[in-house]
There are 2 protein chains.
Amino acid sequence: MSTRRETVRQALATSEGFRSAQDIYASLRAEGAKVGLTTVYRQLQALTESGEVDMLRTDDGESVYRACATDQHHHHLVCRKCGRTVEVEGPAVERWAEAVGLEHGFTDVTHTVEIFGTCGSCGQP
Amino acid sequence: MSTRRETVRQALATSEGFRSAQDIYASLRAEGAKVGLTTVYRQLQALTESGEVDMLRTDDGESVYRACATDQHHHHLVCRKCGRTVEVEGPAVERWAEAVGLEHGFTDVTHTVEIFGTCGSCGQP
DNA sequence: GCGACTTTGACAATCGTTTTCATTCTTGTC
DNA sequence: GACAAGAATGAAAACGATTGTCAAAGTCGC
C-alpha cells in the first residue's frame, strides 16, 4: 500500500487554483485511483501541517487546498469564478497587521488576507 | 409574536466580540427567551444582509456574528482566546488590495482581512 | 370577529468533515 | 519465504453546523 501522499500531491500539483477535498477525491476516483475520501482528508491535513499546501475556507465554509510555489508567507488573489489563483506578497500589509496588533496590546499576532475578484478570462465572455 | 429581530439584535449588542449562532441561541434560551434555533439563524442572516452585523468564519468553519459600531468598511482585530474585538481601519490595505487585483487583470475586487492575536488581559494570567 | 398573509420553531434533512475499527500493507527479523 | 508488530487505508457511522419543511401561531386590515 504505497503511500497515497504522492497521489494527493499530484492532484494538487496539476491544479491551477484551490480545490476542495471532495473535489480532489472525485477527480482521483474519476481517473481510476483507488483511494478513500478519508485518506484524501488525512493526506491534505498532513500536507497542510507540513506546509506543503495552503488551506483556506471559502465563503460557504468549505476547506480548499492548493500546492503553492513558495513556502514563504504569502497571500492569494483568487478568481471567484474559475478559481485561478495568483500568489502575491505584501510586506506593507504584514507590517501593518503587526503594528495594529501591538498598538492594541495584542501578542502572537497573525492575520489572514485574501483577495477575490474576477479574472481577465472570466470577465470577458 | 413580536418580531424576534430585536431579541437577536439585543443579544449581539450586549456582546463584546463575535458570537456563534449556536452560542447566541444558547444564551437566549438561558435567559428565558422562547426562540427557536431556526429563527436565530434566520434573523442573523437578515441582519447580516442588511449590513447591521458583520459575519466571519472562524478557523474551524463556524460562522460568527457581531454588531459593529460603524457601518463603514472596516476590519477586525480579534482575541483568539476571549473573542474581544477591536474594529480597525486600514486605508493602505484597501488600496493595496485593489491595486494588486487590477495589476493582474482582475475586476470586482474584494478582500478579507482579519487580524488575530492574544489580547492584553488574556496574555497576562 | 374574520380571512389573508407573515413569522415562528420543532423536526428532519443536508453536507462537509472526523471517528471508529476491522482489514490490508510494510517492514524487520528469523 | 514465513511471521509478528506496527502503520496506513477506507467503508461506514458519527458529528456538528446549517438549511429546508411545514403546520401551528401571530399580525394586520377590515
Side-chain angles (χ1 to χ4, degrees), chain A residues 1-12 15 17-50 52-67 78 80 83 85 112 114 116, chain B residues 1-12 15 17-67 78 80 83 112 114 116:
Chain A
M1 197 176 291
S2 65
T3 179
R4 292 291 129 89
R5 183 75 50 94
E6 269 317 313
T7 314
V8 174
R9 214 196 306 264
Q10 278 296 317
L12 281 171
S15 301
F18 282 89
R19 310 267 313 271
S20 75
Q22 311 266 356
D23 187 18
I24 293 166
Y25 169 68
S27 69
L28 284 177
R29 293 307 286 251
E31 64 190 43
K34 286 212 290 290
V35 62
L37 180 56
T38 309
T39 304
V40 172
Y41 272 107
R42 263 195 295 250
Q43 298 305 344
L44 285 173
Q45 201 166 305
L47 287 167
T48 301
E49 272 165 20
S50 79
E52 285 187 74
V53 312
D54 283 6
M55 188 247 288
L56 61 83
R57 302 247 176 198
T58 62
D59 279 348
D60 55 328
E62 213 178 3
S63 295
V64 290
Y65 307 81
R66 180 167 191 271
V78 187
R80 67 168 72 81
T85 300
T112 64
E114 306 298 338
F116 298 93
Chain B
M1 197 178 287
S2 66
T3 179
R4 290 292 125 92
R5 183 75 52 92
E6 269 316 312
T7 314
V8 174
R9 212 196 305 264
Q10 277 296 319
L12 282 171
S15 301
F18 282 89
R19 312 267 313 269
S20 74
Q22 309 268 355
D23 187 17
I24 293 165
Y25 169 67
S27 69
L28 283 178
R29 293 307 287 249
E31 62 189 46
K34 286 211 292 292
V35 62
L37 181 54
T38 311
T39 304
V40 172
Y41 272 106
R42 264 196 295 248
Q43 297 306 345
L44 285 173
Q45 201 165 306
L47 287 167
T48 301
E49 273 165 19
S50 79
E52 286 187 73
V53 312
D54 282 7
M55 189 247 287
L56 60 84
R57 301 249 176 199
T58 62
D59 280 348
D60 55 329
E62 213 179 3
S63 295
V64 289
Y65 307 81
R66 179 168 191 272
V78 187
R80 68 168 70 82
T112 65
E114 305 300 338
F116 298 94

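Sequence lines set the chain letters: A, B, ... in the order given, protein chains first and strands last, and positions in each chain run from 1. Owing to the predicted nature of the structure, the values given are computational and were not obtained by experimental measurement.
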Would you please confirm or rule out a distance under 4.0 Å between OP1 or OP2 of [N] and any side-chain N or O of [X]?
X: B/Thr39; N: C/dT8; result: no
X: B/Ser63; N: D/dA17; result: no
X: B/Thr38; N: D/dG20; result: no
X: A/Gln43; N: D/dT9; result: yes
X: B/Tyr41; N: D/dT18; result: yes

Without decimals, in angstroms, what is the distance between [X] [atom1] and [N] [atom2]?
X: A/Asp23; N: C/dT17; atom1: CG; atom2: P; result: 11 Å
X: B/Leu44; N: C/dT8; atom1: CG; atom2: P; result: 12 Å
X: A/Leu37; N: D/dA14; atom1: CG; atom2: C1'; result: 14 Å
X: B/Lys34; N: D/dA24; atom1: NZ; atom2: P; result: 19 Å
X: B/Leu56; N: D/dA17; atom1: CG; atom2: P; result: 16 Å
X: A/Leu47; N: D/dA8; atom1: CG; atom2: P; result: 13 Å
X: A/Gln45; N: C/dG16; atom1: CD; atom2: P; result: 17 Å
X: B/Tyr25; N: D/dT19; atom1: OH; atom2: P; result: 16 Å

Do B/Val35 and B/Thr7 come close enough that some side-chain heavy atom pair is under 4.5 Å?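 They are not in side-chain contact.
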Output yes when a side-chain donor or acceptor of [X] lies under 3.5 Å from a complementary backbone atom of [Y], and no otherwise.
X: B/Arg57; Y: A/Asp59; value: yes
X: B/Arg66; Y: B/Leu12; value: no
X: A/Arg4; Y: A/Lys34; value: yes

Over all strands shown, is A/Glu62 touching base, sugar-phosphate only, or nothing at heavy-atom distances under 4.0 angstrom?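 If one applies the 4.0 Å heavy-atom cut-off, A/Glu62 turns out to touch the sugar-phosphate alone, with no base involved.
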I want to verify a distance call: between D/dT9, C/dT17, C/dC11, whose nearest atom is closest to the A/Arg4 side chain?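 The answer is D/dT9.
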Where the side chain of A/Ala21 is concerned, which of C/dT17, D/dT9, D/dT18 is the nearest nucleotide?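 So the side chain of A/Ala21 is nearest to C/dT17.
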Of B/Val64 and B/Arg42, whose closest DNA chain D nucleotide lies nearer the 5' terminus?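 Nearest nucleotide further toward 5': that of B/Val64.
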When rounded to the nearest 0.5 angstrom, what is the spacing between CD1 in A/Ile24 and OH in A/Tyr65?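 So the CD1 of A/Ile24 and the OH of A/Tyr65 are separated by 8.0 Å.
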